[in-house]
Amino acid sequence: MLRTVMASKSYDGDSVFRDLSIEISPGEVVAVIGPSGVGKTTLLQMLALSLEPDDGSVVFDGTDVWAVDQAERLSLRRCIGMVFQQASLFDASVARNVEYGLRIRRSWTDRLRSELRSIVRPNGTADAVRESLEIVGLRDKVDQHGKSLSGGEAQRVSFARALAYDPDILLLDEPTSDLDPRNTAVIEEAIAEARNRGIGVVVATHDMHQAERVADRVAVLLGDGITEIAPTDVIFENPSDDRTRKFIAGELIY
């Protein structure tokens with residue numbers, strides 16, 4: 001389980017959020033919704049163990065990640081995958097892009113052996129790479145150069161790269177905001193597959209319809225904190241917080 005406990009973050013004296021608590025369990029999808037600028041990306045960076053809260057704590061599998069040394073924190077961070085709003089691929093084949101996460105999580109000895117195997121058998125592709133590309137519908141693109149893909153295909157490769165090393169937690173920052181409906185549907189199906197694998201998924205999105213489609217629970221981030229977190233049907237049909245209700249109904253303007 002990954003959770004924040006009464007976490008607060010400010011930049012240059014301006015509060016992003018205060019006393020924010022949220023937890024993600026294995027095999028569930030949590031959507032974080034809210035308007036632009038309320039701290040969704042900041043929250044994901046905190047959950048990715050790359051941003052320390054000013055106050056409060058981030059706990060992963062019982063470990064306070066900012067109370068341990070950098071080596072242990074890095075080991076924990078390797079259990080978390082993240083997909084950003086804009087796909088960022090290396091100047092290499094689709095297969096090499098997807099296997100990158102697998103490669104950097106190995107010891108240097110294993111990395112060297114893998115490189116030697118790739119020289120001897122240049123067409124060999126790890127099962128995890130093929131499986132993750134199958135999930136995003138791009139197995140036939142395995143040998144294609146990453147730079148030749150469309151924007152939607154590149155984002156799907158980014159998702160496959162994060163999925164290939166089987167993370168415990170997968171963080172998605174507006175993963176479909178620039179995609180057409182077909183590519184969006186593929187990503188949403190891949191989110192469901194990640195859940196089926198027991199991966200805890202957090203999706204930060206401004207698309208409330210997407211949150212309804214993919215999430216088991218929804219957290220509403222407004223003002224300087226979460227106004228409400230509850231099962232998806234409760235948030236969209238019977239929220240308990242008046243601010244949540246007004247936001248869902250489009251009555252709050254940001």
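For clarity, every value in this text was computed on a predicted model and none was experimentally measured.
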| query | Of all residues at least two apart in sequence or in a different chain, which pass the salt bridge (charged side-chain N to carboxylate O under 4.0 Å, His left out) check with Arg18? | reply | Asp224
| request: Measure the spacing between CD1 of Ile199 and CG of Leu170 and express it to the nearest 0.5 Å. | output: 6.5 Å
| Residue pairs involving residues 147-171 (criterion salt bridge (Lys or Arg N to Asp or Glu O under 4.0 Å); sequence neighbours excluded) | Lys141-Glu153
| query | If you measure from CD1 on Ile235 to CD1 on Ile229, what distance do you get to the nearest 0.5 Å? | reply | 8.0 Å
| Check: Asp207 main-chain N/O paired with Gln210 side-chain donor or acceptor under 3.5 Å | no
| Do Val203 and Val32 touch side chain to side chain, with heavy atoms closer than 4.5 Å? | no
| Under 3.5 Å donor-acceptor, Arg195 side chain and Val214 backbone | yes
| query | Is the backbone N or O of Ile22 less than 3.5 Å from a side-chain atom of Thr4, with the two atoms forming a donor-acceptor pair by type? | reply | yes
| message | Determine whether a donor-acceptor pair (N or O, by modelled atom type, separation under 3.5 Å) exists between the side chain of Asn97 and the backbone of Leu89. | response | no
| task | Could you tell me which residues satisfy side chain to side chain contact (heavy atoms under 4.5 Å, CB included) with Ser21, sequence neighbours excluded, listed by chain and number? | result | Met6
| message | As a quick check of understanding, evaluate salt bridge (Lys or Arg N to Asp or Glu O under 4.0 Å) for Lys9 and Glu52, giving each step before the final call. | response | CA-CA 8 Å; Lys9 190 64 185 178; Glu52 184 176 5; over 6 Å; no
| request: For the pair Glu131 and Arg139, find out whether any cationic side-chain nitrogen is under 4.0 Å from an anionic carboxylate oxygen. | output: no
| query | Any side-chain heavy atom of Arg78 within less than 4.5 Å of one from Tyr165? | reply | no
| Do any N or O atoms from the side chain of Arg73 and from the backbone of Val65 form a donor-acceptor pair under 3.5 angstrom? | yes
| query | What are the two closest non-hydrogen atoms of Ala162 and Val83, and how far apart are they? | reply | CB-CG2, 3.8 Å
| query | Passes side-chain contact (heavy atoms from CB on, under 4.5 Å), Gln144 versus Ser93? Steps please. | reply | CA-CA 5 Å; Gln144 191 166 323; Ser93 70; over 6 Å; no
| Should Val5 and Leu20 be regarded as members of a common hydrophobic cluster, given that ILVMFWY residues are connected when their side-chain heavy atoms come within less than 4.5 Å of each other, either directly or indirectly? | no
| message | Is any side-chain heavy atom of Val201 closer than 4.5 Å to one of Val30? | response | no
| query | Do you know which two heavy atoms are closest between Pro167 and Gly81, and how far apart they sit? | reply | CB-N, 3.7 Å
| query | Of the non-hydrogen atoms in Ile226 and Ala219, which two are nearest, and what is the gap between them? | reply | CD1-CB, 4.0 Å
| request: Provide the full list of salt bridge (Lys or Arg N to Asp or Glu O under 4.0 Å) pairs with a residue in residues 228-237, sequence neighbours left out, each pair given once. | output: none
| said: Within this structure, what is the CZ-CD distance for the pair Phe159 and Glu189, rounded to the nearest 0.5 Å? | reply: 11.0 Å
| task | May I have the step-by-step check of side-chain contact (heavy atoms from CB on, under 4.5 Å) for Asp64 and Val58, ending in yes or no? | result | CA-CA 6 Å; Asp64 183 341; Val58 181; 5.8 Å; no
| said: Holding to ring-ring contact (aromatic ring centres under 6.0 Å, His included), I want the full list of residues that pass it with Phe84, two or more places apart in sequence or in another chain. | reply: none
| said: Could you measure the distance from the CD atom of Gln155 to the OG1 atom of Thr184? Nearest 0.5 Å is fine. | reply: 9.5 Å
| task | Find out if a path of hydrophobic residues (ILVMFWY) with successive side-chain heavy-atom gaps under 4.5 Å connects Leu222 to Met208. | result | yes
| message | Just to verify, which of Leu149, Asp140, Leu138 counts as forming a side-chain contact (heavy atoms from CB on, under 4.5 Å) with Val94? | response | Leu149
| request: Just do the side-chain contact (heavy atoms from CB on, under 4.5 Å) check on Ile33 and His206 with the steps written out, would you? | output: CA-CA 5 Å; Ile33 64 172; His206 65 272; over 6 Å; no
| request: Of all the heavy-atom pairs spanning Phe236 and Ala211, show the shortest one and how long it is. | output: CZ-CB, 4.1 Å
| field | Sole residue of Asp241, Asp242, Thr244 in side-chain hydrogen bond (donor to acceptor under 3.5 Å, both in side chains) with Thr227 | value | Thr244
| remark: Value for OG (Ser57) from CZ (Arg3), rounded to nearest 0.5 Å, stands at 7.0 Å
| remark: Heavy-atom closest pair (Leu76 atom, Phe60 atom, distance to 0.1 Å) is O-CE2, 3.5 Å
| field | Steps toward side-chain contact (heavy atoms from CB on, under 4.5 Å) verdict (Ile80, Leu171) | value | CA-CA 8 Å; Ile80 299 172; Leu171 308 174; 3.8 Å; yes
| Contact summary for Leu163 and Ala194, nearest pair of heavy atoms | CD1-CB, 4.1 Å
| request: Check whether any side-chain N or O of Ser8 sits under 3.5 Å from a backbone N or O of Asp19 as a donor-acceptor pair, and report yes or no. | output: yes
Validation: residues 40-50 side-chain donor-acceptor distances under 3.5 Å, sequence neighbours left out:
from, atom 1, to, atom 2, distance (Å)
Lys40, NZ, Gly34, O, 2.9
Lys40, NZ, Pro35, O, 3.0
Thr41, OG1, Asp173, OD1, 3.4
Thr41, OG1, Asp173, OD2, 2.9
Ser50, OG, Gln45, O, 3.0

| message | Pairing donors with acceptors under 3.5 angstrom, does anything connect the side chains of Glu188 and Thr176? | response | no
| field | From CG (Asp216) to CD1 (Ile24), nearest 0.5 Å | value | 12.0 Å
| query | Within a strict 4.5 Å, meaning less than it, do heavy atoms of the Thr63 and Glu72 side chains meet? | reply | yes
| request: State, yes or no, whether a side-chain contact exists between Leu2 and Glu23 at a heavy-atom distance under 4.5 Å. | output: no
| query | Are Val59 and Val202 in one and the same hydrophobic cluster, where Ile, Leu, Val, Met, Phe, Trp and Tyr link if side-chain heavy atoms are under 4.5 Å apart? | reply | no
| When you check the gap from the basic side-chain N to the acidic O, do Arg197 and Glu193 get nearer than 4.0 Å? | yes
| said: Please determine whether residues Val16 and Trp66 belong to a single hydrophobic cluster, defined as Ile, Leu, Val, Met, Phe, Trp and Tyr linked transitively by side-chain heavy-atom distances below 4.5 Å. | reply: yes
